[in-house]
Visitor: 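Handing you a structure now.
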Amino acid sequence: MPQETIIDWPVHCPYCDAPFSLLLDVSAGGYDTWEDCVVCCQPIHVVVETTHTGELAAVTLASDDDVV
């Protein structure tokens, strides 16, 4: 059975705590990106980690102040 590469992942904004979903594409492995909150429009740093077999391992969200 083929593994799902697009995952609908529920998250909460680190600024306003609003719930929303991110579409994560794990077809090319882990990555990091910036997404704007759909409610307060603040920039959210998103880090997606995958296993060596391409499965989703972790999703980390951080506010702009948390990134060094």
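This structure is a prediction, so every number in the text was calculated from the model and none was measured.
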Visitor: With a cut-off of 3.5 Å and sequence neighbours excluded, list every side-chain donor-acceptor pair involving residues 9-20.
Guide:
| residue | atom | partner | partner atom | Å |
| --- | --- | --- | --- | --- |
| H12 | ND1 | D17 | O | 3.1 |
| Y15 | OH | P43 | O | 3.1 |
| Y15 | OH | D64 | N | 2.5 |

Visitor: Given side chain to side chain contact (heavy atoms under 4.5 Å, CB included), test L56 with E49 step by step and report yes or no.
Guide: CA-CA 6 Å; L56 183 63; E49 298 176 52; over 6 Å; no

Visitor: If we only count heavy atoms from C-beta on, is the H45 to D32 side-chain gap below 4.5 Å?
Guide: yes

Visitor: Can you see which heavy atom on S21 is nearest to which on D8, and at what distance?
Guide: CB-OD1, 3.0 Å

Visitor: Below 4.5 Å, heavy atoms only, C-beta onward: do V26 and I7 meet side chain to side chain?
Guide: yes

Visitor: Hey, are the side chains of D36 and Q42 touching, using non-hydrogen atoms and a 4.5 Å cut-off?
Guide: no

Visitor: What is the distance from atom OG1 of T33 to atom CG of L24, rounded to the nearest 0.5 Å?
Guide: 10.5 Å

Visitor: List in chain and number order the residues that pass side chain to side chain donor-acceptor pair (under 3.5 Å) with S27, two or more places apart in sequence or in another chain; answer none if no residue qualifies.
Guide: D25

Visitor: Apply side chain to side chain contact (heavy atoms under 4.5 Å, CB included) to residues V59 and V47 and explain how you reach the verdict.
Guide: CA-CA 6 Å; V59 179; V47 179; over 6 Å; no

Visitor: First locate atom CG of L23, then atom CD of E35, and finally report the distance between them rounded to the nearest 0.5 Å.
Guide: 9.0 Å

